[in-house]
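Worksheet: the structure to be examined is printed underneath.
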2 protein chains.
Amino acid sequence: MGSADGTRKGQSIAEIVADRAQVSRAAVSRAFNPKAPLRADKRALVLQIAEELSYVPNMAGRALATQRSHLVGVIVPHVCSPWEGIEIDALTTALQARGFATLLFKTQIDRSLDPKLLSYMRAYNPDSVVVFTENVPPDQLHRAFDQAVPVYVDYPDEATDPGPPPESAMNRFDCLRVLQRDGIEQAVALLSGFGRRRIAYLAGHPKAQANVARLRTLQQVLAARGLPPAAVIEGDFSYQRGYDATLELFRAGPGAEAIFAANDVSAFGALDALRHSLGLRVPDAVSVVGFDDIDQAAWRSYDLTTIKIDVEERVAALVRLILQRLQHRTAPPLTETIRTKLVVRGTVG
Amino acid sequence: MGSADGTRKGQSIAEIVADRAQVSRAAVSRAFNPKAPLRADKRALVLQIAEELSYVPNMAGRALATQRSHLVGVIVPHVCSPWEGIEIDALTTALQARGFATLLFKTQIDRSLDPKLLSYMRAYNPDSVVVFTENVPPDQLHRAFDQAVPVYVDYPDEATDPGPPPESAMNRFDCLRVLQRDGIEQAVALLSGFGRRRIAYLAGHPKAQANVARLRTLQQVLAARGLPPAAVIEGDFSYQRGYDATLELFRAGPGAEAIFAANDVSAFGALDALRHSLGLRVPDAVSVVGFDDIDQAAWRSYDLTTIKIDVEERVAALVRLILQRLQHRTAPPLTETIRTKLVVRGTVG
DNA sequence: TTGTATGCGTTATCAC
DNA sequence: GTGATAACGCATACAA
């Protein structure tokens, strides 16, 4: 039986709210669901009492009842890597505004995916999964998420016209395609305009699709302009490797008129090696181009000319994919496409 | 009735696993709970069949039944801020290894907390909450989480002996205390040893507790050595503000013999202003000390002498607090303490 | 519009 | 050690 203030022992908070508002437990649920039918004044009353008792509907219960966790899983190798940090930042903000929370998972440093990680993540039943890491084995991803839940970030080969994505296991999922050709063409045009012909490509991690696609597109663009192909220096996206590789290139190797780096961070390593260890002036002796346009690229010590991937645009596309998929769970795989462009600063000239 | 392969229509995956293994639904649950009683061979069989069917227990259901979400909420203003990125990175790795997932939330850029954010997060019923942001109003935090769930990161005033934390609303929560005095004393000793007396403090965000504590401790340490107090330059932890503030200090202001920055990123701004705009040599004309020891501090262009907060140690302490609290939910608030130390590089001399 | 009853997937309790 | 059953907190089909 209810006591004087309308509470009983053993009640859940939701039931207390219901009692206090003189409504059923179901009405409390409806009050928090804007599209559920409930008289406006009752809804207001329930929400007010809930506010007083600081009651909020439990997401686990809601997830069980609705099959929607309001969770978006994200897998990254390094949260602290500048580019990934920025993207997680923007993505979390955008998702939070739409009532989703970001569930973060880390892969190993060598970008090899623990096979258990996907099952582990699937236990949380995320509404969507964004796979940043580029070597999540497609079959593993497919086994873990048989529906078209994941969003995959793809850097397609742009040999000719991008066209539709090729048939592959990966292709059963929604996909964000990053076309890198525009920025690379602009960068090559700029380098070419300053008479640079001997270009070295400071590679990223050899298994990274972004790296492979960047290199291939660069070679295509150079060939199309009648320029010699770029010499490839092995790298791994890191500052230290960019630094060391540049020392090797100029001390033991043939050097270069321009360095095209797979990302900004390794470009910084190259810049520091050129200026502080090799005593070469940038851009007078050697030009440098990066990739990403992270904040640090604008810092005075680097002032790096770089190919920009617009984070806001990229995240907006991801969010579109996620929301579309949630609205139409069985629709065929969706594709969003974004492009790149060159940001000109002081390391080419 | 079961069909030939032991499956029926309308069954949940867990029930299919149970049928295939010729056991009850409860046995399947037990198989995934190492401490639950179940014959070893049955457990192995269930796990094998589950593996084949890629079944994993649903966390939402488990959370409902056990009141444990295996979720740890983290609130940060910027994921991409280098220091916070590193910490989230390490924390996620450590938690993941222990069966928890990181649930990420972002505050506004001005570090003001949306009051709804805490309720919003509470809906997910995280087992613990790590509050990085330093201006989460204690009363809000307390209203949202009445149990001692949150872990709060505190930068206490170290006027004399640290002693026990003062009584405050915040004090009802578990707490990680970061004692900054050691590193600051070492930095001041180094600066003093090189004859620097006129020190400027390039501040962080004025509301940030870390910033306030750093400044106060710095002044105490200077006073204890009979050195003049530091001049305070307003800042906000950002590169740009560090850059601009340094220009102002040396162009319109009295300059300084050393700049003590509230974090590494603003120290980079100060360094770039000194070297590239003011034409002052570091460390010959001006010494610079940072705070955090992020990766970039070791890069050649900066080579920053800085006060290190050991991330691994800090995260280990956080994890200890989280696990302790989970084991003894009603125990009195716990406190872990970590210290700082100076990392000597090339910007002081 | 509103309340009642049921199910979501899991674990804990209780008998056996 | 094992299986049936209730309970976790919520949303919704259905009946009113």
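None of these values were measured; they are calculated from a predicted model. In what follows, chains are A, B, ... by sequence order, proteins preceding strands, each numbered from 1.
Formation of a donor-acceptor pair under 3.5 Å by the A:Arg62 side chain with backbone atoms of A:Ala65 is not found in this model. Using a distance-only test at 3.5 Å, with no hydrogens or angles considered, no donor-acceptor pair links the side chain of A:Arg314 to the main chain of A:Val178. A donor-acceptor contact shorter than 3.5 Å is absent between the side chain of A:Arg325 and the backbone of A:Asp127.
Between A:Lys116 and A:Asp114, no side-chain nitrogen of the basic residue sits less than 4.0 Å from a carboxylate oxygen of the acidic one, so the salt-bridge criterion is not met.
B:Ser29 comes within 4.0 angstrom of a nucleotide base, judged by non-hydrogen atoms across all strands. At a threshold of 4.0 angstrom between heavy atoms, the contacts of A:Ala26 include nucleobase atoms, whether or not backbone atoms are also involved. Using a 4.0 Å heavy-atom distance criterion, A:Pro37 is classed as a base contact. Residue A:Leu38 is classed as a sugar-phosphate contact, given heavy-atom separations below 4.0 Å to backbone atoms only. Contacts of B:Phe32 with the nucleic acid, taken as non-hydrogen atoms under 4.0 Å apart, are absent.
Between the side chain of B:Arg43 and the base of D:dG1 there is no donor-acceptor pair of N/O atoms closer than 3.5 Å.
Note on A:Arg39: a side-chain N or O is less than 4.0 Å away from OP1 or OP2 of C:dT2. A:Tyr124 has no side-chain polar atom (N or O) that falls below the 4.0 Å cut-off from OP1 or OP2 of C:dG9.
Computed from coordinates, the B:Gln22 CD to D:dG3 P distance equals 10 Å when rounded to whole Å.
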